[in-house]
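See structure below.
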Amino acid sequence: MKEIPTRYDPHSIEESTYAMWLESGIFHAEASPDGSRYSIVIPPPNITGVLHMGHALNNAIQDILIRWKRMSGFTTLWMPGTDHAGIATQNVVEKDLARTGLKRHDMTREEFIGRVWEWKQEYGSTIIEQLKRLGCSCDWDRERFTMDEGLSNAVKEVFIRLYREGLIYKGNYIINWCPRCGTALSDEEAEHRDLDGMIYYIKYPVKGSPTLSRENEDYVVIATTRPETMLGDVAVAVNPKDPRYAGLKGKTLELPILKRELRIIFDESVDPEFGTGALKVTPAHDPLDFELGRRHGLPSINVMHPDGVINAEGGDYEGLDRFECREVILEDLKSRRLFVRAEEHVHAVGHCYRCHVVVEPRLSKQWFVRMKPLAEDAIKVVEDGTIKFHPARWTKVYLGWMYNIRDWCISRQIWWGHRIPVWYCVSCVGTRDMRDVDVSSPGAAGIYVGKEPPSGCPDCGAGEMEQDPDVLDTWFSSWLWPFSTMGWPDDNKMLDSFYPTDALVTAQEIIFFWVARMIMAGLKFAGDVPFNDVYIHGTVRDSTGTKMSKSLGNVIDPLEIIREVGSDALRFSIISITSQGQDVFLSRDKFDVGRNFANKIWNASRYVMMTTGGCSDNVEINVSSLSLADRWILHNLNLVIEEVNRCFENFRFNDAASRLYDFIWHKYCDWYLEISKLSGDKDNTARVLVTVLRKSMQLLHPIMPFITEAVWQMAPESSSGLISASEWPLKREDWEDAASAAKMEKLIACITAVRNIRAFWNVLPGTELDVFFDPQDENDSSIVEDNRVLLEKLAHCRVREIRKGLSRPEKSVAALLGNSRIFVPLGASVDVESEKQRVRDKITEIERYLEGVGRKLSNKDFLSKAPREVVEKENKKLAKFRQEADTLRENLEALV
RNA sequence: GGGCGCAUAGCUCAGCUGGUUAGAGCGCAUGCCUCACAUGCAUGAGGUCGGAGGUUCGAGUCCCCCUGCGCCCACCA
């Protein structure tokens, strides 16, 4: 027998257990195209990240699936990794540099990238190490990073293929621009938040009008939320049907301050109801205005530098920050009496999802992916059920986005990332501003697209080629993750074995960023869907419902929780409070459940090992010689095995957790363990104790891997292997024994009834009660007779007589067990008067039920339409209530 | 402006295809340091399921409307 510590110490156990797993190599999956296999890919956390509760939940779920499938005999692959998080990482490293007084542009691009790699080397695997603390059984031999050679190669391959197919293009459009990060963002990366802003009404004078006296004759009032963009105004648009502005035909306006002449354009898209019905048109700073400008042949005037500071187009305002400029312009307008009024106005404003600065719509040349053609198949596979979302409601969200998909801006004006594999010939394109090169015109010369730098210009033969300075959106590598991590396009051995993967487990906020795009890329490049099931779990929020985030300071650090209660307790707790895709409201005390449960398991296991000497569970149990309690617990074990399997299959992890909790704690520990102490057949009892414990540990292992492994290792024959590599328990026909289980339930009810009487009548704890049992039939009679000792010990009583129809003893109270009755004489120890009312109340309550059931049973429709078993149940219920009420009345009489 | 989710014991939440006296954890009450566990044991008191209507023999569970909270999407300046 091994020495088992009295106190459960999660830390040392978890640490040594994980080391043992790593050493055993069970997490590693060899590629083999044959046999049943199960694979999932981790949603790669980014290298700047630290483990938060969302990760903990996400990875706990994945680990459950993988461990369950591994034990079920599948070859399992769980491929871990990280993504390079272009903008986020660059921001972090720049901040780091700033501490030494350096800026990114103080060094060369190569030097800076070198710094980022250094940073990655040092800090980039923090989160990976934390996943190990959580117990994740990833195949660490196959860890991937989006900037690895293989993945980078896949990125280039995909870019080139899409470019050649015309699905990637470069164009001049309004994109979301983050002035702080200095880069374009995709639509998804601009988070829209409602802000309480202002809308300003401003007079634009009609050119040539001497005064500002008459509205719509001498001046027009426009409404805007961003007055600073008026510096880029080139027109004012009104609806052609708007009578207020009909008289303005043929006239022009004068832009205040800058005195620029503005055309008045008439366009159906202008809503006469909004503001004044007159819209200032700023094609370089607003997507709608950009379209208007195109339709009406207007120029675009960009008035801002990339960092949001007004440029030379802004005249006197040059050098002002955009928001500063807004205030100054408003002041100037007021002093010129051109300011009409300001109103409070709530509107959605885009924010950079990395730095939360207000995004500026900005006209610029960027690379885009044409998404419509890619979306077609991605729509089909979800509509036809090849890919299923769990819960199903996300299907609609996904499809809605797919139907209205817009082109994806993939170029970023940063340094850290996959550089766009396009080179330009300096002499052919005639500029050194490579970002500005127009590649869209057919047959444009001096453009080379390929994986490696060209030796010279393919068109003019000259040597000087310069690469496009931009890098690709990080998601342009993430969307390839399921197959790029498996060697695509060069080595397809892994793909053959493990692609498509089976399940993707992720959070709701990442459906568009990642899930949808992976489906498109998988179909386009790997020839199949990347996974079949998408399980969307809830968002982890704090107890007030706010999303947990570091900046809000409302996080509960999973690592701290692990330090306090252990990883198993963390996992069990968070799993058991997360029902199917519902958001999780977390508070510290939630983790007590897991901590207490782990403690309970530890102590029960310790006890079992101590009393059984860790007897072998390899010895077959001879079912025919088992006691009632043995049969009952084995029968229940069968039930749990079935249910846990069903729960895991349907992504109902919380149900599995609570089912196991109930079985282990309330059935095994509370009843079976206690009964085992009274057993006369030590051999059989020991076998059942150990068997049920070990099977329970196996069932629980996917949720609480560490403690279950530790318990498994307590047994002397643990040399047979790891629980992680053990065979998943199956239901056993020879353990099926519903009849015995029902008998045991009756005995339990009997014990509970006597205990209840003791507590209800305030019998002193030391008092041994006398029990008289009036059984309804042979069956009940034998249950009590055969298990007399259990009843006496567990209810602290003495069974005096078992006889059908025995007469009620003097001064006794009764309890019911179906139609059997238990009498307990209480003698003088009962305070009769004070208990009468309680009995009367109980009778009233039961009579109310009786009334309801009676009404139901006299309803003809019910009798004719309800299924027979339901009617039978109701009849039984009626009989039971009647009996109970009668017995209570008897009790009451006895009291009187 | 669309779409979605949630409102069930004091608190936090389960409740799958409508059918036993609606469950759990925490908290609370009473009694126990019983030789695995006080991170424990035993017993118990608490909800008629946000509001109105409908379908049905029967609804927390399906349909409609209303109220409150939350989230997502959307180029109304």
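Model, not experiment: these values are computed from the prediction. Lettering follows sequence order; numbering is per chain, from 1.
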Checklist line | Under 4.0 angstrom between A/S658 side-chain N/O and B/rA24 OP1 or OP2 | finding: no

By nearest-heavy-atom nucleotide on RNA chain B, the more 5' of A/H347 and A/H192 is A/H192

- Message: Within the 4.0 Å heavy-atom criterion, would you say A/R595 contacts the bases, only the backbone, or no part of the nucleic acid?
- Response: base

Of the candidates B/rG19, B/rA14, B/rC72, the side chain of A/D655 sits closest to B/rA14

Under a 3.5 Å limit on both distances, the Watson-Crick or wobble mate of B/rC16 is none

Among the nucleotides B/rG5, B/rG19, B/rC57, whichever has the atom closest to the side chain of A/P867 is B/rG19

Record whether the side chain of A/E674 comes under 3.5 Å of the base of B/rA36 through a donor-acceptor pair of N or O atoms. yes

Among B/rA14, B/rC37, B/rC75, the one nearest any side-chain atom of A/N603 is B/rC37

Practice task
Tell me whether the OP1 or OP2 atom of B/rA36 has a side-chain N or O from A/K677 closer than 4.0 Å.
Solution key: yes

query: According to a strict under-4.0 Å criterion, is A/N596 in side-chain N/O contact with OP1 or OP2 of B/rG40?
result: yes

With the side chain defined as heavy atoms from C-beta on, A/F274 is closest, among B/rA74, B/rC4, B/rC76, to B/rC76

With a non-hydrogen cut-off below 4.0 angstrom, is A/K280 in contact with a base, only sugar-phosphate, or nothing? nothing

(Q) Taking any heavy-atom pair under 4.0 Å as a contact, classify A/R226: base, sugar-phosphate, or nothing. (A) nothing

Using a heavy-atom cut-off of 4.0 Å across all strands, would you classify A/R868 as base, sugar-phosphate, or nothing?
nothing

- Item | Touch class at under 4.0 angstrom, heavy-atom based, for A/V281 against every strand present | nothing

For this session: Would you classify A/H345 as touching base, sugar-phosphate or nothing, given that sugar-phosphate means primed atoms plus P, OP1 and OP2, and contacts are heavy atoms under 4.0 Å?
Result: sugar-phosphate

### Message
In terms of relative ring orientation, are A/H345 and A/F274 parallel, tilted or perpendicular, with 30° and 60° separating the classes?
### Response
perpendicular

Partner of B/rG44 under the Watson-Crick or G-U wobble criteria, both distances under 3.5 Å, comes out as B/rC28

Using a heavy-atom cut-off of 4.0 Å across all strands, would you classify A/F290 as base, sugar-phosphate, or nothing? nothing

ask   = What does A/K873 touch in the nucleic acid at a heavy-atom separation under 4.0 angstrom: a base, only the sugar-phosphate, or nothing?
value = nothing

Discussion item. Is it the case that the side chains of A/Y353 and A/E191 hold a donor-acceptor pair, with the cut-off being a distance below 3.5 Å and no angle test?
Written reply: no

Just checking, A/K677 and A/Y607: is the charged tip under 6.0 Å from the six-membered ring centre and within 45° of the axis?
yes

chi for B/rG46 classified (syn = within 90 degrees of 0, anti otherwise) as syn

Partner of B/rG70 under the Watson-Crick or G-U wobble criteria, both distances under 3.5 Å, comes out as B/rC4

With the side chain defined as heavy atoms from C-beta on, A/D670 is closest, among B/rC75, B/rC41, B/rA74, to B/rC41

- State whether a side-chain donor-acceptor pair under 3.5 Å links A/N176 with A/D187. yes

Assign A/T282 to base, sugar-phosphate, or nothing according to its heavy-atom contacts below 4.0 angstrom with the strands shown.
nothing

When we call it a touch if two heavy atoms are under 4.0 Å apart, what does A/H666 touch: a base, just sugar-phosphate, or nothing? sugar-phosphate

| Reckon A/R755 has a side-chain N or O less than 4.0 Å from the OP1 or OP2 of B/rU43? | yes

Contacts of A/N756 and A/A866 projected onto RNA chain B by closest heavy atom; the upstream (5') one is A/A866

* Hey, are A/D9 and A/R7 close enough for a salt bridge, meaning a charged N less than 4.0 Å from a carboxylate O? -> no

**Item:** Distance-only side-chain donor-acceptor flag, A/Y204 / A/D233, under 3.5 Å
**Value:** yes

Under 4.0 angstrom, heavy atoms only, what part of the nucleic acid is A/K793 near: base, sugar-phosphate, or nothing? nothing

Q) For A/K396, which contact category applies under a 4.0 Å heavy-atom criterion: base, sugar-phosphate, or nothing? A) sugar-phosphate

Is the shortest distance from a Lys or Arg side-chain nitrogen in A/R659 or A/E642 to a carboxylate oxygen in the other one below 4.0 Å? no

For B/rU34, the nucleotide meeting Watson-Crick or G-U wobble distances (both under 3.5 Å) is none

